[in-house]
Amino acid sequence: MPAPQDPRNLPIRQQMEALIRRKQAEITQGLESIDTVKFHADTWTRGNDGGGGTSMVIQNGTTFEKGGVNVSVVYGQLSPAAVSAMKADHKNLSLPEDPKTGLPVTDGVKFFACGLSMVIHPVNPHAPTTHLNYRYFETWNQDGTPQTWWFGGGADLTPSYLYEEDGQLFHQLHKDALDKHDTALYPRFKKWCDEYFYITHRKETRGIGGIFFDDYDERDPQEILKMVEDCFDAFLPSYLTIVKRRKDMPYTKEEQQWQAIRRGRYVEFNLIYDRGTQFGLRTPGSRVESILMSLPEHASWLYNHHPAPGSREAKLLEVTTKPREWVK
């Protein structure tokens with residue numbers, strides 16, 4: 001029998017697809033282990049041989065009110081308008097030239113994109129919302145050779161109530177994952193996260209951060225893939241530990257109201273600023289249900305609401321207006 005092929009010899013896009021499918025199974029099983037309901041699968045396709053994905057959705061549990069762990073693998077043509085809109089964030093992306101005329105083609109550029117995107121909203125106001133996303137993107141020239149590629153992603157924590165030990169654990173495990181590759185990465189990606197998840201019109205961050213990177217092609221793609229895998233592996237040990245600490249804590253209606261207000265901030269960021277949401281809605285044949293899965297079931301906007309000075313709610317706002325260094 002021929003020896004099995006070394007997975008590292010496969011194209012990076014195939015290796016990344018295998019990784020996100022494996023991590024989807026691991027994460028959903030881990031989250032199910034602390035709830036009374038299970039995830040259910042919703043598989044979808046883009047049509048016209050454009051790929052698709054599987055949304056794993058959990059709702060109305062005793063631990064998690066709503067959440068999704070979604071894998072998408074899509075490909076096709078990016079229109080010139082989409083390329084133009086994305087170029088501001090992705091410097092190497094461009095329309096290929098027609099070999100006959102030397103001019104940019106008018107029918108767009110072929111692309112491949114795959115990723116795992118997850119948002120979890122717990123029931124208990126003392127348990128934090130979390131977001132995770134790791135993705136790979138590639139485009140091709142007219143002759144089928146790669147034009148450009150990059151990785152992006154990260155994970156972050158959005159609590160309604162601040163627990164120092166939770167923030168320290170989440171940041172420490174993600175720092176440990178990045179330190180395996182380069183000790184300069186965590187400070188850079190932590191700062192990038194604080195700046196990216198900033199709600200400009202509120203002058204506050206969405207939560208207490210984590211790590212974030214995008215348009216990342218500075219290292220060998222095989223090394224970046226391993227870095228992404230190590231970051232994936234930091235997630236469950238940190239988040240499950242935090243939710244186990246908080247999921248059965250007593251809470252009041254007032255605390256639940258504050259949770260809904262903070263979820264409103266989450267909605268504002270995702271609909272106004274999030275690049276992933278904007279890319280998904282621009283992509284032909286995209287699935288709106290999967291793109292907007294990140295939104296909470298319940299959120300609130302109270303007019304001109306300000307927490308009482310010195311309250312736990314005010315303490316949370318202090319951290320979102322002045323991002324903290326959680327670990328050394």
Side-chain angles (χ1 to χ4, degrees), residues 7 10 13-45 51-74 114-124 126-136 151-159 166 169-174 176-178 180 207 210-211 225-249 276 287 289-297:
L10 295 172
R13 62 179 178 272
Q14 291 184 27
Q15 294 185 55
M16 181 64 170
E17 179 180 349
L19 175 64
I20 61 177
R21 293 191 186 280
R22 187 166 72 251
K23 292 305 173 185
Q24 183 185 44
E26 290 179 11
I27 290 171
T28 53
Q29 290 167 13
L31 295 172
E32 284 178 346
S33 72
I34 58 172
D35 207 345
T36 52
V37 297
K38 302 294 185 183
F39 281 86
H40 71 268
D42 182 15
T43 299
W44 54 275
T45 60
T54 299
S55 300
M56 297 293 292
V57 180
I58 193 168
Q59 292 188 99
N60 302 319
T62 56
T63 300
F64 301 118
E65 181 179 286
K66 181 186 176 188
V69 183
N70 299 347
V71 159
S72 63
V73 181
V74 298
C114 72
L116 184 151
S117 180
M118 179 193 78
V119 176
I120 302 293
H121 295 287
V123 173
N124 195 307
H126 297 278
T129 286
T130 192
H131 159 261
L132 175 149
N133 177 285
Y134 292 104
R135 57 195 177 274
Y136 175 76
F151 287 85
D156 59 281
L157 208 60
T158 306
D166 294 351
L169 175 66
F170 193 84
H171 279 265
Q172 185 66 61
L173 293 192
H174 284 85
D176 293 345
L178 291 170
K180 295 177 183 178
I211 60 171
L225 183 71
K226 185 61 173 72
M227 181 192 78
V228 167
E229 182 174 6
D230 289 337
C231 290
F232 261 124
D233 290 342
F235 173 74
L236 276 180
S238 57
Y239 189 63
L240 284 184
T241 300
I242 291 168
V243 175
K244 287 176 182 178
R245 290 171 177 170
R246 310 298 166 206
K247 69 185 184 69
D248 298 319
M249 292 179 65
R287 188 167 186 270
E289 282 298 316
S290 295
I291 296 167
L292 300 184
M293 172 279 304
S294 62
L295 302 183
E297 184 175 350

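Residues: numbered from 1 along the sequence shown.
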Report task. Kindly indicate, with the supporting measurements, whether the criterion salt bridge (charged side-chain N to carboxylate O under 4.0 Å, His left out) is fulfilled by Arg22 and Glu229. Result -> CA-CA 10 Å; Arg22 187 166 72 251; Glu229 182 174 6; 3.4 Å; yes
Work out which heavy atom in [X] is nearest to a heavy atom in [Y]; give both atom names and the distance.
X	Y	result
Leu178	Cys231	CD2-SG, 3.6 Å
Ser238	Leu169	O-CD2, 3.7 Å
Trp44	Ser72	CZ2-CB, 3.9 Å
Gly67	Phe39	O-CE2, 4.4 Å
Asp233	Pro237	O-CD, 3.2 Å
Val69	Met118	CG2-CG, 3.6 Å

Got a second to check how far [X]'s [atom1] is from [Y]'s [atom2], nearest 0.5 Å?
X	Y	atom1	atom2	result
Phe232	Leu19	CZ	CG	5.5 Å
Tyr136	Arg13	OH	CZ	7.5 Å
Met293	Met56	CE	CE	12.0 Å
Asp35	Glu65	CG	CD	11.5 Å
Gln24	Thr54	CD	OG1	6.0 Å
Glu32	Ile58	CD	CD1	6.0 Å

Report task. Assess the pair Tyr239 and Phe170: is the distance between their ring centroids shorter than 6.0 Å? Result -> no
Report task. In sequence, state the C-alpha distance, the side-chain angles, and the governing distance for Lys226 and Asp230, and then conclude on salt bridge (charged side-chain N to carboxylate O under 4.0 Å, His left out). Result -> CA-CA 6 Å; Lys226 185 61 173 72; Asp230 289 337; 2.6 Å; yes
State, with a plain yes or no, whether a side-chain heavy atom of [X] is found less than 4.5 Å away from one of [Y].
X	Y	result
Pro122	Thr129	yes
Pro128	Thr158	no
Phe64	Val37	no
Phe151	Leu225	yes

**Report entry** Gln59 CD: over 12 foreign heavy atoms closer than 6.0 Å
**Finding:**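 Yes, because the 6.0 Å sphere around CD of Gln59 holds more than 12 heavy atoms from other groups.
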Any donor and acceptor pair, going by atom type alone, linking the side chain of [X] with main-chain N or O of [Y] inside 3.5 Å?
X	Y	result
His121	Ser294	yes
Asp156	Ile211	no
Asp42	Ser55	no
Asn124	Thr63	no
Lys66	Val123	no

Query - Arg21 and Glu17 ion-paired at < 4.0 Å - result: yes
Query raised in the report: Do the charged groups of Arg246 and Asp166 touch, with an N to O distance under 4.0 Å?
Result: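 Counted as a salt bridge, because a side-chain N and a carboxylate O are separated by less than 4.0 Å.
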Requested in this report: Take Leu116 and Tyr134, measure what side-chain contact (heavy atoms from CB on, under 4.5 Å) needs, and give me the verdict at the end.
Outcome: CA-CA 6 Å; Leu116 184 151; Tyr134 292 104; 5.7 Å; no
Query - Test side-chain contact (heavy atoms from CB on, under 4.5 Å) applied to Leu157 and His131, step by step - result: CA-CA 7 Å; Leu157 208 60; His131 159 261; over 6 Å; no
Requested in this report: Quick one: which residue pairs count as a salt bridge (charged side-chain N to carboxylate O under 4.0 Å, His left out) with a foot in residues 51-60, not counting sequence neighbours?
Outcome: none
Requested in this report: Sequence neighbours left out, what passes salt bridge (Lys or Arg N to Asp or Glu O under 4.0 Å) with Glu26? Give chain and number order.
Outcome: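 Applying salt bridge (Lys or Arg N to Asp or Glu O under 4.0 Å) to Glu26 gives Lys23.
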Report task. May I have the step-by-step check of side-chain contact (heavy atoms from CB on, under 4.5 Å) for Arg135 and Asn133, ending in yes or no? Result -> CA-CA 7 Å; Arg135 57 195 177 274; Asn133 177 285; 2.4 Å; yes
